[in-house]
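Below you'll find the structure, written out as structure tokens, and then a few comments.
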Amino acid sequence: MHCNWKGQGERFCHLICDDVIEDPIKNPAKVKVNTHFSPFIYQPDHLIVQELIAHNLVKGYTFTFPLVLISYKLRFFSHADGEKSEKELCECLATSQDQSTTDLFDKAAMPVQLLKIVKGQSETPLPSHLQKENLQQLEEGCDYTNKYIQGIVSLSYPLTKLGDGTDFFKIVLQDSDNLSSQINSIHVFIYGKMAEDCAKMIRHGETFIVAGFKVVKLPTAREDDRHGCNLEVSEEAGSAIYICTKPGTTTASETASVSVAPKYVYTPLNHLKDGTIVNLYGVVKFFKPPYISKGTDYCSVVTLVDPSNVKLTCSLFNGNLDSLPKIYKVGDIVRFHRIKIREYNGQMQGITSGGFASLTFDGTVGAPIVPRTSSRVYTFMDEEQKTVEELRIWAASNISISGPAAKLSGVQPMLFFDLTCQLVGKAKVDGSSFLLKVWDGTKCPYPTWKVPVEAKDLEGDKVFLHQLRNLAVDILVYDNHVQLAESLKIGSFLRIYSIHSKQASADNEDVSHIEFHLHGGTCYGRGIGVLPESNPDVKELKAFLESLDLTVGQNMESMCSMDVDSTFDNDTVLTDHQDLSNTELKTIKNSSAPRQYRIRAKLRTYKPQKLHQSVKLHCSKCNSLQEVPDRDDFDFILRGSAGTASNPELHNTSWYESVTWTTQDQKQREITIHFVKHDEMLQHPEDTLLMVEGGTLKEIWKLSKRFKCIIPVRSTEDDLKLLDLSAPFLLQRNVKYYGCKQCSAPKPVKNLSSLAAEQQPSWEPSEIAQVLGIELLQYVFIMKFTLVDETGALNAYLFDYEKFFQIPACEILTNNFLQEKMQMTMNTLCPPGRKLGDLPWLECFIKSYNVRDAMKNQVYYQIFDTTVAEDVV
DNA sequence: TTAGGATTTG
């Protein structure tokens, strides 16, 4: 990340970041605060910043926040006076970007990576642990594991083989940063698979980055501009190569290059010819997950369609499971390179040929386009991204994707279904069958069979299996699936395709039970697939499993309740209108924004836990949020203004009477109070507005108890003026009212005379603010609620002035009774120490909305039109 | 070579 703190005056600065990282939640920036700050945030949308400002930013505190925020420009106001330099105010510490890199490229499998360059910058950042090394400083024997050299490929030699058969590729790298330097090029020797990969991909003129190389000194000194060392690079040595390609640009040298990255041509499925080897794209209409064939290889059968509406069934073989396409569901999109086309039974058929390679993409419109592949090297450019997007859109209306994946809670007897689950136990049963114990966190509504196996044969955590005894189910797999089942690791996430749920009853049972079989054969795609943890369905399942409390599951069981949920059917939140039916959280998360939903969920947790931290100030004009200044801030400003003497010329006008006191203490301060009159007369104290010059915090507080309104002011030559807007411009009862520094344009205090002249001055804060040119900040509650239901979890923000808790946010900070009431409400909604299953159900409305910037779109959720029911309050 | 889609019958 490249961040700059840009100062704009001495009291605040901007943190500006041009980068937008793929997944800012996973890649937070770390910022260390070097002085006391109250953050003020320019942000088109206020809700996503609440986590940031929930913290009390004090000196030395390091906080993290999503990079996406930084790109919106944050502004921090320093309470420290004087000329702090930008660096002193805040500094940007290291950021972690490894995650986003591994998302796009599996580093272990991808020693050579192609980085796409957009606007002169690589779209994918280099791993953050890599440090750039200068060509001039290379020395033999040093450790370059975490260093990289960057240069331009100025020359490459043909790929050759060494005596032992190892591939060998040699290039000359020119140091583009130091062209004038005497020594500005170095030879790079690349060995093995990397040599082969690089030879295919490298073009002259491209930027080449190599990390984890070895420096070998040349035997003799050089007289030309060549470096005295060579770089040696190989996969075995842990090297990594990054080749930066510029899509759409061709250089003159490219035509002269010895090895040019191939430009692929893709054949539509209606143009396939017998005996050809082609590249193609298709949408998966049917597939068999890889299984062990009767020959020597794994086999996967895949049927594709494309917008020509022609089908192609492909038989794909490979001895390495990883080399077959990683298809997880119908609707996935694949790109096959070098697939052989043959005619069989009057139809075209695809079959793997030498050099077959595949990429697989999630077929969901709008999902990130991240190829699943085992290839070490692949090309994937803008136009190919476009192809995937187009196919997704076509498939959305042309392929019937099987309905929502079955959960154990939704199984019916006598059907076949696919189950996404976690493996928790396994056991050999006999030669032709094998037992898998799995769970998905939901409970099968029917009694399920237990396959009898000897305890010693059962692999898996015994304690865990015992905990799951009412949730995990036995699946018996047969014949050809046994070998694959044996190799599965406990804890892994599986999708088991076409499980047969069979109703049966044993002689000694009154009621029938359900048996789960994965029969032999591969008909209808029957089989077992291992899903990686990066799979979105796995992420969701994992989050759900982690949210469960297993001891509760057993309590539920002991209650013999088939519908566990109804046991706790005591909704505690009423909603304003009932025009929506409930939507599951999973459905909401899978839908596009903006939309409105009614949900039924449990409040697993909320932030901030210290409820007073949930109160912020919001400007409805610029949509900014800020922390409520503390009393020290106000005191500081009052002390600052006390140095300004009251100007007697401004005393006693037509609309106010002025009185000055001198304090009895040693300091002998002057306090001036201007009593605003009505109809040329003083009012009762409880109806009177005062303007106060020179008071302390304590004095102003005391005055506010007795008088209706207090406006702290100071004298200038020609008028009374409001204090700095970090201080409240108005105090009324217990509430301090603040103005937005951005949006306010303070007007002369004498404008108040118009209000004073009204029939019965109400002294409404909003009216006072208006005549004084102040944009009134409103007190709001901002909280993050983590809501869960059977289908998943979702974070929703509460942004509320008064409605939700039926407590005005402006009063909470000064009213102990209201604070207790709010705490009790939260304790009712989310009782501390209670298990998830015991939490009450809440019904509320949430709306989804998009937060966009130039690079990405993120969906957020907000609670609206919801009020805590009377009996809870 | 293997599979060549089109549910086991345990």
Side-chain angles (χ1 to χ4, degrees), chain A residues 269 272 274-275 282-305 310-321 323-325 327 329-332 334 336 339-354 356 399-402 406 411-419 427-436 448-453 474-485 495-507 512-529:
Chain A
L269 299 184
L272 298 174
D274 184 22
V283 182
V284 174
K285 187 180 164 49
F286 166 81
F287 72 105
K288 294 183 175 182
Y291 58 94
I292 298 158
S293 76
K294 289 176 182 149
T296 58
D297 291 333
Y298 286 94
C299 173
S300 181
V301 173
V302 182
T303 302
L304 306 179
V305 275
V310 168
K311 279 201 299 181
L312 178 75
T313 298
C314 305
S315 298
L316 310 174
F317 301 100
N318 202 301
N320 176 8
L321 188 67
S323 296
L324 291 170
I327 298 167
K329 53 171 85 161
V330 168
D332 279 353
V334 294
F336 289 168
I339 185 154
K340 189 156 59 174
I341 303 300
R342 291 195 316 206
E343 197 179 319
Y344 176 77
N345 283 346
Q347 284 206 310
M348 290 303 162
Q349 174 194 58
I351 190 159
T352 39
S353 72
F356 170 82
I399 299 272
S400 60
I401 297 173
S402 48
V411 300
Q412 295 294 322
M414 306 301 283
L415 52 70
F416 293 86
F417 66 99
D418 299 345
L419 181 69
K428 185 175 160 60
V429 176
D430 59 41
S432 69
S433 65
F434 194 84
L435 171 65
L436 298 179
T448 60
W449 72 335
K450 293 289 170 227
V451 178
V453 287
D474 285 6
I475 298 174
L476 203 54
V477 311
Y478 295 93
D479 305 335
N480 55 317
H481 307 300
V482 169
Q483 196 183 342
L484 201 132
R495 185 163 288 148
I496 308 181
Y497 299 92
S498 206
I499 297 174
H500 184 197
S501 63
K502 183 180 169 184
Q503 196 159 29
S505 56
D507 296 338
S512 58
H513 63 251
I514 284 199
E515 301 177 353
F516 297 106
H517 301 270
L518 187 71
H519 297 296
T522 60
C523 289
Y524 274 88
R526 196 185 300 133
I528 304 169

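The sequence lines fix the lettering, A, B, ..., with proteins before strands; numbering per chain opens at 1.
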*Whole Å only: how far is the NZ atom of A/Lys340 from the P atom of B/dT2?*
14 Å
*Answer yes or no as to whether B/dG5 has its base stacked against A/Tyr524, where stacking requires a ring-centre separation under 5.5 angstrom and planes under 30 degrees apart.*
no
*Would you kindly give the CD1-to-P distance between A/Ile327 and B/dG5, to the nearest whole Å?*
16 Å
*Would you check if A/Tyr478 stacks with the base of B/dG10, given a 5.5 Å centroid limit and a 30° plane limit, both strict?*
yes
*Does A/Val451 offer a backbone N or O that forms a donor-acceptor pair with the side chain of A/Asp474 under 3.5 Å?*
yes
*Just how far, in rounded Å, is C1' of B/dT7 from CZ of A/Phe417?*
14 Å
*Hey, does the side-chain of A/Thr303 have a donor or acceptor N/O within less than 3.5 Å of a partner on the base of B/dG5?*
yes
*Check whether any side-chain heavy atom of A/Ile475 lies under 4.5 Å from a side-chain heavy atom of A/Ile499, and answer yes or no.*
yes
*Give one of base, sugar-phosphate or nothing for A/Thr522, where a contact means two heavy atoms less than 4.0 Å apart.*
nothing
*Is the phosphate of B/dG5, meaning OP1 or OP2, less than 4.0 Å from a side-chain N or O of A/Lys311?*
no
*Quick one: label A/Leu476 by what it contacts on the DNA or RNA (base, sugar-phosphate, nothing), any heavy atom closer than 4.0 Å.*
nothing
_Mind checking if A/Ser433 touches a base, just sugar-phosphate, or nothing, with heavy atoms under 4.0 Å?_
nothing
*Under 4.0 Å: is that the gap between some side-chain N or O of A/Lys285 and OP1 or OP2 of B/dG5?*
no
*Tell me: CD of A/Gln503 to C1' of B/dT8, nearest whole Å?*
17 Å
*Taking the side chain of A/Gln349 as heavy atoms from C-beta outward, which of B/dA6, B/dT8, B/dG4 is closest to it?*
B/dG4
*asked:* Using only atom types and a distance under 3.5 Å, with no angle test, would you say the side chain of A/His481 pairs donor to acceptor with the backbone of A/Gly520?
replied: no
*How do A/His517 and A/Arg342 order along DNA chain B: which one's closest nucleotide is nearer the 5' end?*
A/Arg342
_Within the 4.0 Å heavy-atom criterion, would you say A/Asn345 contacts the bases, only the backbone, or no part of the nucleic acid?_
nothing
*Take A/Arg526 and A/Tyr298, find for each the nucleotide of DNA chain B with the closest heavy atom, and name the residue whose nucleotide sits nearer the 5' end.*
A/Tyr298
*Ignoring the backbone of A/Phe317, work out which of B/dT2, B/dG4, B/dG10 is nearest its side chain.*
B/dT2
*A/Asp430 side chain to A/Ser432 main-chain N or O, any donor-acceptor pair under 3.5 Å?*
yes
*Ring geometry between A/His517 and A/Trp449 (parallel below 30°, tilted from 30 to 60°, perpendicular above 60°)*: tilted
*Protein-nucleotide distance (A/Asn318, atom CG; B/dT2, atom C1'), rounded to Å*: 12 Å
_I need the NE2-C1' distance between A/His519 and B/dT7, as an integer number of Å._
7 Å
*Rounded to the nearest angstrom, tell me the gap between atom OH in A/Tyr291 and atom C1' in B/dG4.*
9 Å
*Report yes if the side chains of A/Phe356 and A/Asn318 come closer than 4.5 Å at any heavy-atom pair, otherwise no.*
no
_What's the closest nucleotide to the side chain of A/Thr296 if the choices are B/dT8, B/dG5, B/dT1?_
B/dT1
_Separation of atom CG in A/Asn480 from atom P in B/dT8, rounded to whole Å_ = 12 Å
*Between B/dT7, B/dG10, B/dT1, which nucleotide has the shortest distance from any of its atoms to the side chain of A/Phe416?*
B/dT7
*asked:* Taking any heavy-atom pair under 4.0 Å as a contact, classify A/Tyr497: base, sugar-phosphate, or nothing.
replied: nothing
_Considering every strand and a 4.0 Å limit on heavy-atom distances, what is the contact class for A/Gly521: base, sugar-phosphate, or nothing?_
nothing
*Looking at the side chain of A/Phe286, which of B/dG5, B/dG4, B/dT7 is the nearest nucleotide?*
B/dG5
